[in-house]
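What follows is one structure encoded as structure tokens, with my remarks underneath.
Everything quoted here is computed from the prediction, not taken from an experiment. Note on naming: letters A, B, ... go to the chains in the order of the sequence lines (proteins, then strands), and numbering restarts at 1 for each one.
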Amino acid sequence: MANKLFFRSALISTILSYLLIFVGGLVRVSGSGLGCPDWPKCFGRWVPPTSIEQIPSHIDPTAFNIVLAWIEYGNRMLGIIVGFSIIIMTVIALIYFRNNSKILYSALWSLFLVGANGGLGAIVVSSVLNPFIVSLHMILALFLVSVLSYGTIESFKLIYSSKLSNILLSKKISTSLIALWGLIVIEILLGTGIRTNIELIAIDNPLYSKGELLNALNSYKYLHSVLGFSLLFLSIYLCYLFKNDFLGLSKQLVYFIFGMILFQIFLGELMIFFELPQLTRLFHTWGSSWLVGIIIILYNTLQYEQS
Amino acid sequence: MSSLNKKLVLAFLFIFMLGSFGFFVIDKATKSRIDNIGIIGQVPSFSLTNFDGSVITENQLDDKISIVSFIFTQCEGACPIMSENMSILQERFASSNDIQFLSITTDPDYDTLDILNEYSSSYSNNNNWFFLRGDILDIIELSEKGFFLSAALLPAGHSTRLVLVDKELNIRKYYEGTIESNIFELQSDIVTLLNQG
């Protein structure tokens, strides 16, 4: 009963957090980050203004754009919903799982991360969208979904007693999976670095074309591509290691990882050779957050089987 | 297997819906930027003298995107920040011939052409920034009736706002010249106007 309760709340928190990363990415690519010049309120109101007359006199109405204000506020509202969802999850953990450190700590860490990232959101606004702080905001969100994915799969194992995979967590598989996760985190940091640098260069050179922006980047943009292809090979190797999983779940997850990396490379090349379509950027970022969570889930389906 | 296929189709549908939603939102945001710099008014005719002695009229604004400010050289509060911000914009848009800057003194008694010349050399790096003076009554009228900016108790009572004027002499938007986020906004609005042609 308590197991099911916690699993449900963890699953809902995880799904909502992934949606939040999507909406946050939408704020970034649509350039709505300054849609509300103040924080946590929007133009001094808990519900964003719908017309310019509603803006209080002490706030300069210059920046008022109703569309951008509502996009930014949508991100904040979903953030609050995620916050409440994680509070509920933590309360359940504190009541029923004080002796289960995996569950308890995943809940407490998620609560800390969601609170910290909400606070960082205020700094994002007050820093006038400093690209470093915006990227840090995204990286904290990746840590959040990692911890939530861990909590979800751990609680799933408590209610689902039969085997999830017949693959043993051998040293080879364990090392490959940890390496894949670590390299993907490095790959994400490199990608974030590229994004940050493009934005910094674009602030100083608002008239640069896409080609000029890419040329102005440091050479580690190649490192991002090279590492991306290496990840593809590593995931192919993992598909080979999991070929004998007749129970299916871990095999499906490995194929998903392979497909996702392939899709990410496709999106990446699309961005280099064509315009930088905002929607492509959005899905490229979002896809990377999926990889981080799925690998954690996969790893923990295997651990269960050994114990 | 069929249940897996069903799940895949559902997942694909969900991603497609999310993508459509993202596309809709991005499109809305892009259009809102253009709507947000609607025409506020028209710059009236004026005649002022540039620091190099040449006479500048409203014809100078023709076919250029202009950023206009009201300042005076002895001002120690807002003006240095406003001029510094305009200087940054001048540098960032240096590669475009379609942008120019106008700073009009609200203290023409003190700000002679020589003093404006000196002031210009500490902020401007190009010949697309005009530092203008004229009769104080003309300047008050230009500020209040032309640009809808308060001009009480001059010189210090001038507005600290920057004005964005398009190629057809339409006033498009105002920006607080001392606030970083407003300058950020101004910069992206200039790009929007340039992209519109």
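- For the pair B:Leu18 and A:Leu19, the minimum side-chain heavy-atom distance is below 4.5 Å.
- Both the backbone and the side chain of B:Phe93 come within contact range of chain A, each with at least one heavy atom under 4.5 Å from a heavy atom of that chain.
- With hydrogens and angles disregarded, no donor-acceptor distance shorter than 3.5 Å links the side chain of A:Gln278 to the backbone of B:Ile26.
- Interface residue B:Ile15: backbone and side-chain heavy atoms are both found under 4.5 Å from chain A.
- Residue A:Ala69 does not touch chain B at all, counting heavy-atom pairs closer than 4.5 Å.
- For chain A, the option among B:Val25, B:Ile190, B:Val191 with the highest count of heavy-atom pairs below 4.5 Å is B:Val25.
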Could you go through B:Ser32 and A:Leu68, starting from their C-alpha distance and side-chain angles, then the distance that decides it, and tell me whether this counts as side-chain contact (heavy atoms from CB on, under 4.5 Å)? CA-CA 8 Å; B:Ser32 77; A:Leu68 303 189; 4.0 Å; yes
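- Taking all atoms of both residues into account, the shortest heavy-atom contact from B:Ser181 to A:Leu34 is CB-CD1, 4.2 Å.
- Taking chain B as the reference chain and counting heavy-atom pairs below 4.5 Å, the highest number among A:Gly74, A:Ser32, A:Gly31 is found for A:Gly31.
- By the neighbour-count criterion of 12 heavy atoms within 6.0 Å, atom CZ of B:Phe23 is sparsely surrounded, having that number or fewer from other residues, nucleotides or ligands.
- Neither the backbone nor the side chain of A:Trp70 comes within less than 4.5 Å of any heavy atom in chain B.
- In this structure, B:Ser95 OG and A:Asn205 CG are separated by 8.0 Å, a value rounded to the nearest 0.5 Å.
- Ranked by non-hydrogen atom pairs under 4.5 Å with chain A, the options B:Gly19, B:Ala94, B:Ser188 are led by B:Gly19.
- With a 4.5 Å cut-off on side-chain heavy atoms, B:Arg92 and A:Ile203 count as touching.
- Scanning both residues, B:Gly22 and A:Leu279, for their nearest heavy atoms gives C-CD1, 3.8 Å.
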